[in-house]
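For clarity, every value in this text was computed on a predicted model and none was experimentally measured. Chain identifiers are assigned alphabetically (A, B, ...) following the order of the sequence lines, protein sequences preceding nucleic acid strands; residue numbering begins at 1 within each chain.
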Amino acid sequence: MLKITLKDGSIVETEEGSRVIDVAKSISEGLARAALAGRVNGKLVGVTETLNADCSLDIVTFSDDEGKSIYRHTCSHILAQAVKNIFPTVKLAIGPSISNGFYYDFDFKTPITKEDFEKIEKEMQKIIKANLPIERIDVSKEKAIEFMREAGENYKIELIEELPDGEAITFYKQGDFTDLCRGPHLSSTGKIKAFKLTSLTGAYWKGNENNKMLSRIYGTAFDKKADMDAYLEAVEEAKRRDHNKIGRELGYFMTDENIGQGLPLLMPKGAKLFQILNRFVEDTEAERGYLMTRTPLMAKSDLYKISGHWDHYRDGMFVMGDEDKGEEVYALRPMTCPFQYTIYNNGLKSYRDLPLRYGETSTLFRNEASGEMHGLIRVRQFTISEGHLICMPSQLEQEFKGCLDLAQYMLKSFGLLEDVSYRFSKWDPKNPDKKFIDDPKEWAYAESEMKRILDHLGIKYTEAVGEAAFYGPKLDIQIKNVHGKEDTMITIQIDMFLAERFDMSYIDENGDKIRPYIIHRTSMGCYERTIALLIEKYAGALPTWLSPTQVRVLSLTDRTADVAKETCKKLATFGIRAETDVRGEKIGYKIREAQLEKVPYMLIIGDKEAEQELVSVRSRKDGDLGTMTILDFMMKIGKEVNDRVC
RNA sequence: GCUGGUGUAGCUCAGUUGGCAGAGCGAUUCACUCGUAAUGAAUAGGUCGGCGGUUCGAAUCCGCCCACCAGCUCCA
């Protein structure tokens, strides 16, 4: 008899050679039905795997992340089988599970369209109905390659060739369909209860843009149809928050084909929000000891040659002038560092001057590839709250901490603190020349310093190789948009090369010339992106403290138009952003418009209010709040704005 | 940049085998002076994304380009 230790620590006995599913059955019939896989001594296996020694065993169900992943991975194999049945000439690439679903990459002889989804889904349904058992087959590498050669699956051959020699290659077979796969899988195709194909896109073979573009079919699968419907509805709901749609509808920004890609125009509401954010950032930075700079938007190529941009980032810059014709070459700036470093270098610095914290509301230009632009999130010209902290080595941790604290203060003020994740972005030693300044010793040092600081601060982060800046490692504060795509919102970086390149120094207590440390950081990130994320977070109904218009005063009839205007003026005197609507429309109509424009408060002024010197207050969220004095209203909204209620 | 999709009034969209460019909402004007999410009537509004081609004739067919959307790749 074998001793099996379960998740809760209890031990069950079972005969040698019994399967994972048998153990599940011995616990309960319900668990056996829900069982998708087992985790034996921490390793995932299929439910039909036999147990041959004492071990620990977790029964994996759909409520586990691994369970979902196995379930959806099996669904991707069913997709591949269905596609192969309908299009026998198709070549198979890869088909993993991803968060919320799965995909499979195909090389079609003639491209398919979304119209084909119905046919494919029907075929998948047939395979599921047939409830084909899924079996694992172990073969040698040679045999595996031979098998795929006969099947003409050249992508699979390439994958197998990369697997280590001598180890068994696993295949999974369902009916007459066999696919290379690490597994594990569900025990049969009939286990899939609900699935849907969601989109059809292109994807490079092995994610390399020099390789062939394949067709990728995305789908999702759930163990209950109701859960899938709820998920699909949530995806639709998220799309309704898309800043790229409602940001345009609400009049925050627009684009124009004559102006160009990635060059959004902020309209009055967008510009107002920009100003609100900008004042908040600059005031907060001033409180925290930052000094403002204002530096040119372009410079001669000489500057970028010193900074390294010319070597590492030239493709991403807008360059003007032809060197070959003997012209002076200028480039719009892609970042602010070399400019602020130049300011630092103006005059000898003492250790008494440090730390120096420079901040700038800085407009940058980056020539992003044409397919990268996305609303306000990814653009070619943007403005960032950029700053550089120049400090002594002993001040590095303290200053880094200050940057993080500032970033978190910003996020909290915007109500986004819970929506972000932290990423420690490191260089890629395998790709040194082009992308990163090649100096392994310096990288090792800076990365270990940053890691030490992060661990000391207790930040939970993921590590990302190859995501560093060319001059140093970064702590990126990441946020997802409504499509689930992650972007960097705030970044804090240790720059260990540019001080050297710009020959920056300070004089220490002994009169020695010392190289300072530099932290390169944003306190809020780029304004355009922040505006986009705020619109998405609040579906356009921005917190009162951020709303371009906070109050709209509505006159009930022409008789109260002047009182409405007077009221608006009073509010403005107290710094409340108010406007009037004194058009000869019905009150219901004016309210509807203000609601649709997401104005936080409406003040309705009719004859009664005018006579009693009151205002009738309506909140966009809670509706009619009754009448109050204008002073009471100002106290109410003033508190909400001061507390930055989100 | 790559794959796929889209482009007709401010917005949402219709427009048949190539034959006079349409609707609803919005806008404007006039009337109504109204109590917490849509008052009525009239009027205006179009290089059919752009350029070129085929044709007696192009929103419609063909080519090139531009912009927008999803994904890939990229993101200092």
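Between A/Tyr155 and A/Asp105 the shortest side-chain heavy-atom distance does not fall below 4.5 Å. Here the side chains of A/Ser616 and A/Asp624 are in contact, with some heavy-atom distance below 4.5 Å.
Counting only residues at least two apart or on different chains, the side chain to side chain donor-acceptor pair (under 3.5 Å) pairs with a member in residues 528-542 of chain A are A/His243-A/Glu536, A/Asp419-A/Lys537. Pairs passing the side chain to side chain donor-acceptor pair (under 3.5 Å) check and including a residue from residues 249-271 of chain A, sequence neighbours excluded, read A/Lys245-A/Glu249, A/Arg248-A/Thr255.
Scanning residues 488-504 of chain A for heavy-atom distances under 4.0 Å to RNA chain B yields A/Gln493.
Evaluation of atom-type donor-acceptor distances gives a pair under 3.5 Å for the side chain of A/Arg378 against the base of B/C74.
Pairs of Watson-Crick or G-U wobble type, with distances under 3.5 Å, assemble into runs of 3 or more in RNA chain B at these ranges: B:1-7 with B:66-72, B:10-13 with B:22-25, B:27-31 with B:39-43, B:49-53 with B:61-65.
The two residues A/Pro548 and A/Leu542 make their nearest non-hydrogen contact at CD-CD1, 4.1 Å.
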Shorter than 3.5 Å, N or O on both sides, protein versus nucleotides 24-32 of chain B: list them out with atom names.
residue : atom : partner  : partner atom : Å
B/A27   : OP2  : A/Tyr589 : OH           : 3.3

What's touching nucleotides 67-70 of chain B from the protein side, N or O pairs under 3.5 Å?
residue : atom : partner  : partner atom : Å
B/C68   : OP2  : A/Gln261 : NE2          : 3.0
B/C69   : OP1  : A/Asn244 : OD1          : 3.3
B/C69   : OP1  : A/Asn244 : ND2          : 2.0
B/A70   : OP1  : A/His483 : NE2          : 3.0
B/A70   : OP2  : A/His374 : ND1          : 3.3

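Residue A/Arg618 places at least one side-chain N or O closer than 4.0 Å to OP1 or OP2 of B/A37.
Nucleotides B/G71 and B/C64 place their P atoms 27 Å apart, quoted to the nearest Å.
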